Amino acid sequence: MEAPVDLAVTVRGEVSLDGDRSRISVPIGMRTDRFGVLSFAKFDGAAHSAADLALAQELGDRLSLAIRNAREHMSMAAALGDRERLISIAAHELRNPLCSVRFCLQTLERTGGVLAPQAARMVEIMTRGERKIARLIDDLLDLGRIRSGQLELELSSFDLCDVIRDVGTLMEAQTVDTGSTLNMELDGPVVGRWDRARLDQVVSNLLANAVKYGQGRPVVIRAGADPQRGVAWLAVADQGLGIEAHLHEGIFEPFKRGTSIGHREGLGLGLFIVRGIVEQLGGAVRVDSRPGSGATFLVELPFQVSQ
């Protein structure tokens, strides 16, 4: 027997007799918001039993709950849609002043030779901050594109290992700052037809995540091909905090994290964007992890992506 239905929505019915007709009427809706009646009738002269009334009331309860849940879902979907539109508008609006800031910083960098050392250091700090804000804006825009199915791909043939090497070189300073090292084990070339800029984003996000949560220990990225299955693969492994099993699926949702230990910068969109891009390319991503044993993210991609 299931738990009783919430009293806020429980409905009560009644049996009425009119000649040879017996009818059960059960109001549908909340106690403060009735919006229909569920009716059953018998025309054989026999009255409905107490069991009939109990069944009708149970059906009424379930129908009322279903309608309430549907209403709440529609309300939540509308709210989420409004929130994502607001995020998209805000991100676009932030880009304009950010472009002005970038132009001024680039001008100052070009004249860096005549700046006092302290001023040059301030320009460097502001430039790094500007780049971080630009990344956050791009992530917010990608959030909307992925959720609305409007993430566009520009396909070409290239070696996945080249993308990994390029990203690794660009992230070398960030990796060193955390006391970590980046090791590459690339069984290439691994040539396929994908979107190079988007795969660059996938590799960057996975490596940034590994460095962030890797506790200064070595990070390993591997790549290769499985010709029998027709897929290319890449794996990024850290030796950090690890992720509890019940959180594995949730970390691919926006604004979610696999741990709350310590201060972690960012919006929690990196893995959501990774999954969105990978699935748009026809592939899949998953994580293998447990607390205290680090995490390994595995991406598999078909060699040929159809448009």
Side-chain angles (χ1 to χ4, degrees), residues 131-132 134-139 141-143 145-146 151-178 180-214 217-226 231-240 243 251-252 254 257-258 264-289 294-305:
R131 289 171 181 165
K132 183 177 292 186
R135 271 199 314 273
L136 293 175
I137 291 173
D138 287 340
D139 284 350
L141 291 173
D142 281 339
L143 167 67
R145 294 185 186 111
I146 291 171
L151 187 70
E152 296 183 356
L153 299 177
E154 296 183 8
L155 303 179
S156 62
S157 295
F158 57 89
D159 183 0
L160 174 61
C161 296
D162 286 342
V163 173
I164 294 172
R165 293 188 190 98
D166 290 345
V167 172
T169 299
L170 290 173
M171 293 191 63
E172 184 175 358
Q174 179 181 344
T175 305
V176 171
D177 285 345
T178 65
S180 180
T181 58
L182 175 60
N183 303 313
M184 301 185 192
E185 300 175 6
L186 309 179
D187 186 11
V190 182
V191 179
R193 187 169 180 266
W194 305 296
D195 184 314
R196 187 181 183 107
R198 290 299 183 183
L199 270 190
D200 183 297
Q201 200 173 356
V202 167
V203 176
S204 297
N205 285 355
L206 289 177
L207 284 179
N209 187 77
V211 170
K212 181 187 295 185
Y213 294 103
R217 296 167 183 162
V219 172
V220 180
I221 182 166
R222 303 178 178 88
D226 186 344
V231 298
W233 59 269
L234 70 93
V236 177
D238 65 64
Q239 302 174 41
I243 307 165
I251 60 174
F252 293 101
R257 302 178 190 279
R264 305 296 176 192
E265 295 181 346
L267 295 176
L269 293 176
L271 294 178
F272 170 77
I273 291 172
V274 165
R275 185 176 66 175
I277 293 172
V278 169
E279 290 182 350
Q280 186 80 2
L281 290 168
V285 57
R286 67 178 185 271
V287 62
D288 180 17
S289 178
T296 298
F297 288 85
L298 176 64
V299 173
E300 292 184 332
L301 295 165
F303 287 113
Q304 190 80 4
V305 178

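Values reported hereafter were calculated over all heavy atoms of this structure, with side chains retained and with hydrogens, waters and symmetry mates removed. This one's a predicted model, so the numbers in the text were calculated from it and none came from an experiment.
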Evaluation steps, side chain to side chain contact (heavy atoms under 4.5 Å, CB included), between Val236 and Val219: CA-CA 7 Å; Val236 177; Val219 172; 4.2 Å; yes

Nearest-0.5 Å distance that lies between atom CD in Glu300 and atom CH2 in Trp233: 9.5 Å

Smallest heavy-atom separation, Asn205 atom then Gly270 atom, equals ND2-O, 3.3 Å

Minimum heavy-atom separation for Gly168 to Leu182, with atom names? CA-CD2, 3.7 Å

Flag the pair Leu281 / Val202 as yes when at least one side-chain heavy-atom distance between them is below 4.5 Å, and no otherwise. no

As an exercise, state the distance from CG of Leu269 to CD1 of Ile146, rounded to the nearest 0.5 Å. 9.0 Å

Using only atom types and a distance under 3.5 Å, with no angle test, would you say the side chain of Asp159 pairs donor to acceptor with the backbone of Pro189? no

Could you go through Val287 and Ile243, starting from their C-alpha distance and side-chain angles, then the distance that decides it, and tell me whether this counts as side chain to side chain contact (heavy atoms under 4.5 Å, CB included)? CA-CA 9 Å; Val287 62; Ile243 307 165; 4.3 Å; yes

Does some side-chain heavy atom of Arg286 sit less than 4.5 Å from a side-chain heavy atom of Phe297? no

Apply the test side chain to side chain contact (heavy atoms under 4.5 Å, CB included) to residues Val299 and Leu206: give CA-CA distance (whole Å), side-chain angles for both, the deciding distance (0.1 Å), then the verdict. CA-CA 10 Å; Val299 173; Leu206 289 177; 3.9 Å; yes

So, the side chain of Ser180 versus the backbone of Thr175: is there a donor-acceptor pair under 3.5 Å, distance only? no

Whether Arg217 side chain and Gln239 backbone form a donor-acceptor pair below 3.5 Å: yes

With a 4.5 Å heavy-atom cut-off, do Leu301 and Val278 have their side chains touching? yes

If only atom types and distance count, is the side chain of Trp194 paired as donor or acceptor with the main-chain N or O of Pro302 below 3.5 Å? yes

Which value, rounded to the nearest 0.5 Å, describes the distance between Ile221 atom CD1 and Met171 atom CE? 9.5 Å

Heavy-atom closest contact (Ala225 atom, Phe303 atom, distance): CB-CZ, 3.7 Å

Surrounding CD of Glu185 (heavy atoms of other residues, nucleotides or ligands, distance under 6.0 Å), is the total greater than 12? yes

Starting from the C-alpha separation in whole Å, work towards a yes-or-no answer on side chain to side chain contact (heavy atoms under 4.5 Å, CB included) for Ile273 and Gln201. CA-CA 9 Å; Ile273 291 172; Gln201 200 173 356; 3.6 Å; yes

I need the Asp238 CG to Ser289 OG distance, nearest 0.5 Å. 7.5 Å

Looking at Phe158, does the NZ or CZ of Arg196 lie under 6.0 angstrom from its six-membered ring centre and within 45 degrees of the ring axis? yes

Shortest non-hydrogen separation from Met184 to Ile164 and the atoms involved: CE-O, 3.8 Å

Where the side chain of Asp288 meets the backbone of Thr296, is there a donor-acceptor pair that is under 3.5 Å apart? no

Do you know which two heavy atoms are closest between Gln280 and Leu151, and how far apart they sit? NE2-O, 3.1 Å

Should Leu186 and Arg222 count as side-chain neighbours, where that means a heavy-atom distance under 4.5 Å? no

Ile277 side, atom CD1; Phe272 side, atom CZ - distance, nearest 0.5 Å: 10.5 Å

For the CD atom on Glu279, are there more than 12 heavy atoms of other groups (residues, nucleotides or ligands in this structure) within a distance under 6.0 Å? yes

The reported gap from CG in Leu271 to CG in Asn209 (rounded to nearest 0.5 angstrom) is 4.5 Å

Please name the pair of heavy atoms, one in Val163 and one in Val203, separated by the smallest distance, quoted to 0.1 Å. CG1-CG2, 4.4 Å

